[in-house]
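Inspection log for the structure reproduced underneath, given as structure tokens.
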Amino acid sequence: MKKSIKLFSLLLLSSVIILSSCKKKKEEEEQLKQDEATLQTENESQSKDQSQVQTETNNAFDDANSAFSGTSAGKSTNALSICGAAVDTSSIAAKIIFINYDGTTTCTGYKKSGKIKVQLISGTSWRNAGATVQLTYLDYKVTKIATDKSIVINGTQNVTKQNAIDWITFLTSGTGSVSYKTRANNMSITFDEGTTRTWSAAHTSSYSVASGVVTASHSGDTTITGVSSVSHWGTNRFGKTFTTAITSSIVSNNTCGWWKPVSGVVSHSVNTKSFSTTFGVASDGVPVSTGCAYGFKVDWTGVEGTAKQAIVSY
């Protein structure tokens, strides 16, 4: 009888240990799934945010470039209108204009509000090489109509022209090229979920026009902690520090849309983890050779050390 009781106790103990082990294993598997899902969400968000912030600041500069070039400080004989905005030139004597966005007009799927102050801070004319304009973003908000997602930008950005050219003539002539060097420190980016983070930038943007198509190529041009070709750094929407290096120039055009690059590769470093984003891919993740792209792909190493990939549409 005692032997039977002892055997039963051993079996019961074994069962408890097995059940406890199974429960622990299940909990570990669930935690692993959560960690993988969190990592994917953060990587995709960082890729989207990086693309959006660079795109919207580039678009803002295009507006500023077009508006300022058509003033006496820009020395152009023509002027271009800005979709959804009114240009205030009352301070042009001080080489300052304001672009005031109405917040209601839809422009290529987006609407903008707030304002941008544009000031020539170096050089006698914006058409000259070496001239620098400073963009001051004042609650500049860009909302994508299809998703109702938005970002708000505040801060300053300096852009220096690398070669002498009249931007408006460049756009209307159908030929030529021009490049600009951009610097921004600790710009404030407010995301739609309410978090406000800081971003800095250091990149060169080159534009060329042929057969009515304007093509832009963006490259990082600074080095941080031994990493070259860095274009942006700061704190992302999750409160983590990051650097982004453009390892292959991001190329876009006015045919497919500035926010829909046709090629380019960037390397992100968030805290101690790295991953890459390849722009200009088809829905299967293969880079497009002609025409416009479906979106971009994100490649990273999962929490278990296996290769992971996500395809995201523009």
Interatomic distance, Ser113 atom OG to Leu138 atom CG [nearest 0.5 angstrom]: 11.5 Å
Beyond-backbone contact of Asn43 with Lys273, side-chain heavy atoms, under 4.5 angstrom: no
Flag side-chain contact, heavy atom, 4.5 Å: Thr241 against Val270: no
Set of salt bridge (charged side-chain N to carboxylate O under 4.0 Å, His left out) partners for Asp49, sequence neighbours left out: Arg237
Pairwise side-chain contact, Gln162 with Tyr180, heavy-atom cut-off 4.5 Å (strictly under): no
Least distance between heavy atoms, Ile168 atom then Ser66 atom: CD1-O, 3.8 Å
Residue pairs involving residues 284-312 (criterion ring-ring contact (aromatic ring centres under 6.0 Å, His included); sequence neighbours excluded): Phe279-Phe296
Worked check of side-chain contact (heavy atoms from CB on, under 4.5 Å) between Ile145 and Lys111: CA-CA 7 Å; Ile145 303 299; Lys111 61 181 179 181; 3.8 Å; yes
Counterpart residues, side-chain hydrogen bond (donor to acceptor under 3.5 Å, both in side chains), relative to Asn163 (two or more places apart): none
side-chain contact (heavy atoms from CB on, under 4.5 Å) evaluation trace for Leu171 with Leu80: CA-CA 10 Å; Leu171 290 177; Leu80 296 178; 3.8 Å; yes
Cluster link Val214 to Val251, ILVMFWY, side chain under 4.5 Å: no
Cluster overlap Ile96 with Trp126, hydrophobic side-chain contacts below 4.5 Å: no
Atom of Ala67, atom of Ile99 and distance for their closest heavy-atom approach: CB-CD1, 4.1 Å
Salt bridge (charged side-chain N to carboxylate O under 4.0 Å, His left out) against Lys161, all qualifying residues, sequence neighbours excluded: none
Residue pair Gln40 / Glu36, side-chain donor-acceptor N/O under 3.5 Å: no
Modelled atom types, side-chain donor and acceptor of Thr306 and Glu304, under 3.5 Å: no
Tyr207 and Asp62, any side-chain heavy atoms less than 4.5 Å apart: yes
Check: Phe61 main-chain N/O paired with Asn65 side-chain donor or acceptor under 3.5 Å: no
same_hphob_cluster(Val281, Val265) at 4.5 Å side-chain heavy-atom cutoff: no
Approximate separation, where rounding is to 0.5 Å, of Thr247 OG1 and Ile250 CD1: 9.0 Å
In one Ile/Leu/Val/Met/Phe/Trp/Tyr side-chain cluster, 4.5 Å: Tyr314, Val266: yes
Pair listing, ring-ring contact (aromatic ring centres under 6.0 Å, His included) test, anchored in residues 210-243, at least two apart: Trp199-Phe242, His203-His232
Any donor-acceptor N or O pair under 3.5 Å, side chains Ser177, Ser208: no
Gln46 vs Lys48 side-chain heavy atoms within contact, under 4.5 Å: no
From OG (Ser69) to CG (Asp166), nearest 0.5 Å: 6.0 Å
Any pair counted as ring-ring contact (aromatic ring centres under 6.0 Å, His included), so long as it reaches residues 247-269, sequence neighbours left out: Tyr110-Trp259, His268-Phe275
Thr244 and Ser231 side chains, donor-acceptor separation under 3.5 Å: no
Among Glu56, Lys115, Gln157, the one residue meeting side chain to side chain donor-acceptor pair (under 3.5 Å) with Tyr137: Gln157
Heavy atoms of other groups near Asp148 CG, more than 12 under 6.0 Å: no
Salt bridge (charged side-chain N to carboxylate O under 4.0 Å, His left out) against Lys149, all qualifying residues, sequence neighbours excluded: none
Heavy-atom side-chain proximity of Asp299 to Lys308 below 4.5 angstrom: no
Any pair counted as salt bridge (charged side-chain N to carboxylate O under 4.0 Å, His left out), so long as it reaches residues 240-262, sequence neighbours left out: Glu42-Lys240
Contact check, side chains of Asp139 and Asn154, non-hydrogen atoms, under 4.5 Å: yes
Check: Ser51 main-chain N/O paired with Thr55 side-chain donor or acceptor under 3.5 Å: yes
Within-4.5 Å side-chain heavy-atom neighbours: Thr182 and Thr204: no
For the student: nearest non-hydrogen atoms of Ser219 and Ser249, plus distance: OG-OG, 2.8 Å
Under the side-chain hydrogen bond (donor to acceptor under 3.5 Å, both in side chains) test, residues paired with Thr160 that sit two or more places apart: Thr132
Nearest-0.5 Å distance, CG of residue Asn186 to CZ of residue Arg197: 13.5 Å
Verdict with supporting geometry, Ser91 and Ile97, side-chain contact (heavy atoms from CB on, under 4.5 Å): CA-CA 6 Å; Ser91 300; Ile97 66 169; over 6 Å; no
Heavy-atom pair of closest approach, residues Ala282 and Val288: N-CG1, 3.8 Å
Derivation of the side-chain contact (heavy atoms from CB on, under 4.5 Å) call for Gln52 and Ile151: CA-CA 9 Å; Gln52 186 178 24; Ile151 59 171; 3.5 Å; yes
Partner residues of Lys181 under the salt bridge (charged side-chain N to carboxylate O under 4.0 Å, His left out) criterion, sequence neighbours left out: Asp221
Ser45 side, atom OG; Gln50 side, atom CD - distance, nearest 0.5 Å: 13.0 Å
Side-chain donor-acceptor contact under 3.5 Å, Asp102 with Thr105: yes
Point-to-point distance, once rounded to the nearest 0.5 Å, from NZ of Lys112 to CD1 of Ile82: 8.5 Å
Path from Val230 to Ile189 over hydrophobic side-chain contacts below 4.5 Å: no
Asp192 (side chain) donor-acceptor with Ser150 (main chain) under 3.5 angstrom: yes
Sequence neighbours excluded - ring-ring contact (aromatic ring centres under 6.0 Å, His included) pairs with any residue from residues 80-99: none
All side chain to side chain contact (heavy atoms under 4.5 Å, CB included) counterparts of Ala73, not counting sequence neighbours: Phe68, Thr71, Ile92, Lys95
Donor-acceptor contact below 3.5 Å, side chain Ser211 vs main chain Val213: no
